[in-house]
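Worksheet: the structure to be examined is printed underneath.
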2 protein chains.
Amino acid sequence: MRASVPITVDGLKSACSQCNLVELCLPFGMSDRELSRLDELVGSRRKVKRQHNLYRAGDSFEAIYAIRAGSFKTDVLLEDGREQVTGFQMTGEILGLDGISTESHSCNAVALEDSEVCVIAYDKLEQMSHEIEGLQLQFHKVMSREIVRDHGVMMLLGSMRAEERLAAFLLNMSQRFTARGFSPSEFNLRMTREEIGSYLGLKLETVSRAFSRFQEEGLISVQQKHVHLLDPAGLKRLIQHQHGAR
Amino acid sequence: MRASVPITVDGLKSACSQCNLVELCLPFGMSDRELSRLDELVGSRRKVKRQHNLYRAGDSFEAIYAIRAGSFKTDVLLEDGREQVTGFQMTGEILGLDGISTESHSCNAVALEDSEVCVIAYDKLEQMSHEIEGLQLQFHKVMSREIVRDHGVMMLLGSMRAEERLAAFLLNMSQRFTARGFSPSEFNLRMTREEIGSYLGLKLETVSRAFSRFQEEGLISVQQKHVHLLDPAGLKRLIQHQHGAR
DNA sequence: TATGTTGGTTGACTTGGGTCAACGGCTGTG
DNA sequence: CACAGCCGTTGACCCAAGTCAACCAACATA
């Protein structure tokens, strides 16, 4: 199990080969030799303050971003102002893949806390993918994983009841915190009830009530954004046996 | 505007350069010179009978598929039997991208009618992407487009009301039939009310009622699977001004 | 330390869509 | 070409989640 993400020191070399997020990020599974060639891929780093946009829908697409520290949400907006959060992203995850198809971004990426990303110029990535054996495959896997993840969210939105959705969300967060060396059972959410609700296709009041219900039933303990999973198996059971679901 | 898809003749050469679906399919935007090199990419064709699987969740991933004739649905199943249709695919569209990430498929692909696909071995695609300039970019665009499409479905499932969802679905079908040289306003759906419902996160009765309502209001005329859009602008308006939406 | 603001909780009430059931019309298979 | 099973429609009723509103807790700003 690895330690938590270190504080970024300005001027630190932005080398993938030196980064402790390698196992979670684009370079996963690449050989040491390939990894060292990858160091030139990250042209620069960029800090994004809480609530600020990394990019907006309509922005021309130049680069994808690997999250080095912090976290983000992505959302799409309808003309009438309705918002749909399409995902929450954590360290090591890749942002901006939506931009490739039309050469302009189709969603907004907003930092949930002060964050930092590695900027990966897309034309350089294309070029290096031709040269480095493992990079192309790895990049394809990252995109494919995003598609699979999206299908999971559709399952959630299309066929699950409110409490099942929240249970699935909490277990997913737990699993991702675990992969980053944090506690599987205790963590601080970075997003508001409203953002969770938007992601899960629920109103914030419904999210709040589901949290309270889980607490009453001894499945979790919550205080504001701090969540403690007391009975993860119970949460899993909740999802599997549909309690008279739609 | 191009003619409709011709009947496939057995023994016809499976060359991309000879295929009238080029503009809708993986080779879109590639030069003639590149296109001719692509002909070796499609190793074989495969016919899939109505209701039969092209692949199943768990199958090991070997190839992606370009739809040459017919149409498909993809779905994911939960342990308790709940099904979520994640998409409907038409000629020229690519199936199987979900398999890249884990090297095994994560969803089922089922033919909605007797269909035929071009089999594109994934290792060959990887290799040729290294060599042919435009192929890599085009493949990335196909994957990215899938991600953008999925975000649209999330918007639909997470923030729209039943009638808005069906209106969006019908307009999307219309647009895709149009791109294939068919009428924008009149077409035959290949899927059942239950499959539409699963895709839209609704029960089949709700889908049926929404169809009837649209007909009463003069927006469409329906008879079984045959749909005639009488007022596409009206359907668009329905989506934009949320009629007191969630 | 006061104070406005945002985020979260809870209650009372409403409603869109789910559930259950009956029925009729295609359709494709023997 | 008959008929069984699937598919689609419609009605009556119900309930999970939305809406509206009040209020409290945390936190940022002065």
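In what follows, chains carry the letters A, B, and so on, assigned in the order in which the sequence lines appear, proteins first and then strands, with residues in each chain numbered from 1. All heavy atoms count here, side chains included; hydrogens, waters and symmetry mates do not.
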Please report the distance, rounded to the nearest Å, between CG in A/Leu166 and P in D/dA17.
12 Å

Is the B/Tyr199-B/Phe88 ring centre distance short of 6.0 angstrom?
yes

Nucleotide of D/dT19, D/dT10, D/dC7 approaching B/Ser208 most closely (side-chain heavy atoms):
D/dT10

Using only modelled atom types and a 3.5 angstrom limit, is any donor from either the side chain of B/Glu205 or the base of C/dC20 paired with an acceptor on the other?
yes

How long is the line joining CD of A/Glu195 and C1' of C/dT6, in whole Å?
12 Å

Checking contacts here: which listed nucleotide (D/dT9, C/dG8, C/dG17) is nearest the side-chain heavy atoms of B/Ala162?
C/dG17

Residue pair A/Ile94, A/Cys25: steps toward the side-chain contact (heavy atoms from CB on, under 4.5 Å) verdict
CA-CA 7 Å; A/Ile94 305 293; A/Cys25 197; 4.2 Å; yes

Please report the distance, rounded to the nearest Å, between CZ in A/Arg193 and P in D/dC24.
19 Å

Nearest-angstrom distance from the residue atom CG of A/Leu200 to P of D/dA17
12 Å

So if I take the C1' atoms of five pairs at each end of the helix from C/dT1-D/dA30 to C/dG30-D/dC1 and get each local axis, what angle do the two axes make, rounded to 10 degrees?
60°

Could you tell me whether the side chain of A/Arg209 has a donor or acceptor atom within less than 3.5 Å of a complementary atom in the base of D/dT19?
yes

Rounded to whole angstrom units, what separation is found between the CD atom of B/Gln51 and the C1' atom of D/dC6?
11 Å

Between P of C/dG25 and NE2 of B/His226, the distance in whole Å
20 Å

Using the side-chain heavy atoms of B/Thr192, tell me which of these nucleotides is nearest: D/dC7, D/dT10, D/dT9.
D/dC7

Among C/dG17, D/dG18, D/dC7, the one nearest any side-chain atom of B/Thr206 is C/dG17

Can you say whether the rings of B/His105 and B/Tyr55 are parallel (under 30°), tilted (30 to 60°) or perpendicular (over 60°)?
parallel

Output yes when a side-chain donor or acceptor of B/Ser115 lies under 3.5 Å from a complementary backbone atom of B/Ser71, and no otherwise.
yes

Considering only heavy side-chain atoms of A/Arg161, the closest of C/dG7, D/dA16, D/dG8 is D/dA16

Qualifying residue, where the test is side chain to side chain contact (heavy atoms under 4.5 Å, CB included) with B/Tyr65 and the options are B/Glu93, B/Arg45, B/Glu116, B/Arg46:
B/Arg46

Applying side-chain contact (heavy atoms from CB on, under 4.5 Å), run through B/Leu235 and B/Ile239 and close with a yes or a no.
CA-CA 7 Å; B/Leu235 290 171; B/Ile239 300 168; 5.9 Å; no

Option from B/Arg193, B/Arg209, B/Arg165 for which side chain to side chain contact (heavy atoms under 4.5 Å, CB included) with B/Leu202 holds:
B/Arg165

Do any side-chain nitrogens or oxygens of A/Lys225 fall under 4.0 Å of OP1 or OP2 in C/dG7?
no

Interatomic distance where NZ belongs to A/Lys203 and C1' belongs to C/dT10 [whole Å]:
18 Å

Between A/Gln224 and B/Leu204, just flag the one whose closest nucleotide in DNA chain D comes earlier from the 5' side.
B/Leu204

Atom CG of B/Leu156 and atom P of C/dG17: how far apart are they, to the nearest Å?
12 Å

